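Remarks on the structure that follows.
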Amino acid sequence: MAAQNPRQSAAEAVPDESQLRDFLLDNPDFFQRNPDLLRTLHIPHGSGDAVSLVERQVSVLRERNVDLRHRLKELTDAARENETLYVGTRALVLSLLEAADLPDLLARFENGMAEHFDTPHAALVVYGDGPAEGACRCADREAVEAHLGSLLRGGKPACGALRAEEFGYLFPGARGAGSAALVPLDFGGDRGLVAVGSGDAKRYHSQMGTLFLEHLAAVIGRVLARLDREGAPAADA
């Protein structure tokens, strides 16, 4: 039998990188049982200096701690925003439910949007015959679509920038261009639209969600249905 080369035997006895990795994964407490190794092992650092494994672990933990703090702040900020949105929405909905007629409904809608959501413009348009002036008006649907263009096509909620003439038509008294969010008003069929707007052309954009405004439009639709049943002069000035 040929004699075994001592150097070859030693090389074969040394585990390769994958074996070492598997061993450490299978023995996560290895360095706890051998703390002296932590003080002698050094790994490269981003700055170019070598640091001990303990120092590197501390650095990683600090970075994770900072990241967790940032995430916690984001969650806290989101929770505060949601609370503010809930409080404002609740107050506005309760106010809308007490409206006596269409002009009163619009006044409550305008005041609530300005007070709770810093939204300067609000409008209600009901399709049909009645007063055709002001932010609270009755109008033919084709006429409204002719003024507002593609933003109303499809009968779905929409957000986007408006030219000065479009913005002024939707929110009488407003000057210049702006942006708006529009939601169909439904109280027994497609009966009109609810809109909020801003002089900032970028505030309402096509990627923006309309769930909040859809909720308010649903409440307004219920109020209008009640006014119809009660025979209130919903379209009178």
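All values below were derived from every heavy atom in this structure, side-chain atoms included, with hydrogens, water molecules and symmetry-related copies excluded. Every value quoted in this text rests on a predicted model; they were computed, and no experiment measured them.
From K73, atom NZ reaches atom CG of L68 across 15.0 Å, with rounding to the nearest 0.5 Å. Remark: L162 CG to F171 CZ distance equals 7.5 Å, nearest 0.5 Å. Between the OH atom of Y204 and the OG atom of S179 there is a distance of 7.0 Å, given to the nearest 0.5 Å.
The side-chain heavy atoms of L170 and L193, taken from C-beta on, include a pair separated by under 4.5 Å. Residues L182 and P157 form no side-chain contact, since every pair of their non-hydrogen atoms from C-beta on lies 4.5 Å or further apart. The shortest side-chain heavy-atom distance between F167 and H121 falls under the 4.5 Å cut-off. Between M113 and L216 there is a side-chain heavy-atom pair separated by less than 4.5 Å. Using a 4.5 Å heavy-atom threshold, the side chains of R191 and L224 count as separate. Residues D140 and Y127 form no side-chain contact, since every pair of their non-hydrogen atoms from C-beta on lies 4.5 Å or further apart.
T119 places a side-chain N or O within donor-acceptor distance of the main-chain N or O of F117, the cut-off being under 3.5 Å. Using a distance-only test at 3.5 Å, with no hydrogens or angles considered, no donor-acceptor pair links the side chain of N27 to the main chain of D29. Using modelled atom types, one side-chain atom of D101 and one backbone atom of D104 make a donor-acceptor pair closer than 3.5 Å.
Side-chain atoms of S95 and R108 form a donor-acceptor pair, as typed in the model, at a separation below 3.5 Å. S18 and D16 share a side-chain donor-acceptor pair at under 3.5 Å.
Salt bridge E17/R21: absent, no basic N to carboxylate O contact under 4.0 Å.
Nearest heavy-atom pair across A99 and V223 is CB-CG1, 4.2 Å. Heavy atoms only, all atoms of each residue included: S198 and P120 are closest at CA-CG, 4.2 Å.
Among R64, R71, R69, the one residue that satisfies the salt bridge (Lys or Arg N to Asp or Glu O under 4.0 Å) test with D67 is R71. Each of I220, V194, L124 was checked for a side chain to side chain contact (heavy atoms under 4.5 Å, CB included) with L106, and the lone residue meeting it is L124.
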Quick one: do R163 and E166 satisfy salt bridge (charged side-chain N to carboxylate O under 4.0 Å, His left out)? Show the steps, please. CA-CA 5 Å; R163 296 189 298 270; E166 296 171 332; 3.1 Å; yes

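More than 12 non-hydrogen atoms from other residues, nucleotides or ligands lie less than 6.0 angstrom from CZ of R33.
V196 is connected to L85 through a chain of hydrophobic side-chain contacts under 4.5 Å among Ile, Leu, Val, Met, Phe, Trp and Tyr, so both are in one cluster. In this structure, F109 is a member of the same hydrophobic cluster as L97, with clusters built from ILVMFWY side-chain heavy atoms closer than 4.5 Å.
The aromatic rings of H147 and Y169 lie parallel to each other, with less than 30° between the two planes, well short of the 60° mark.
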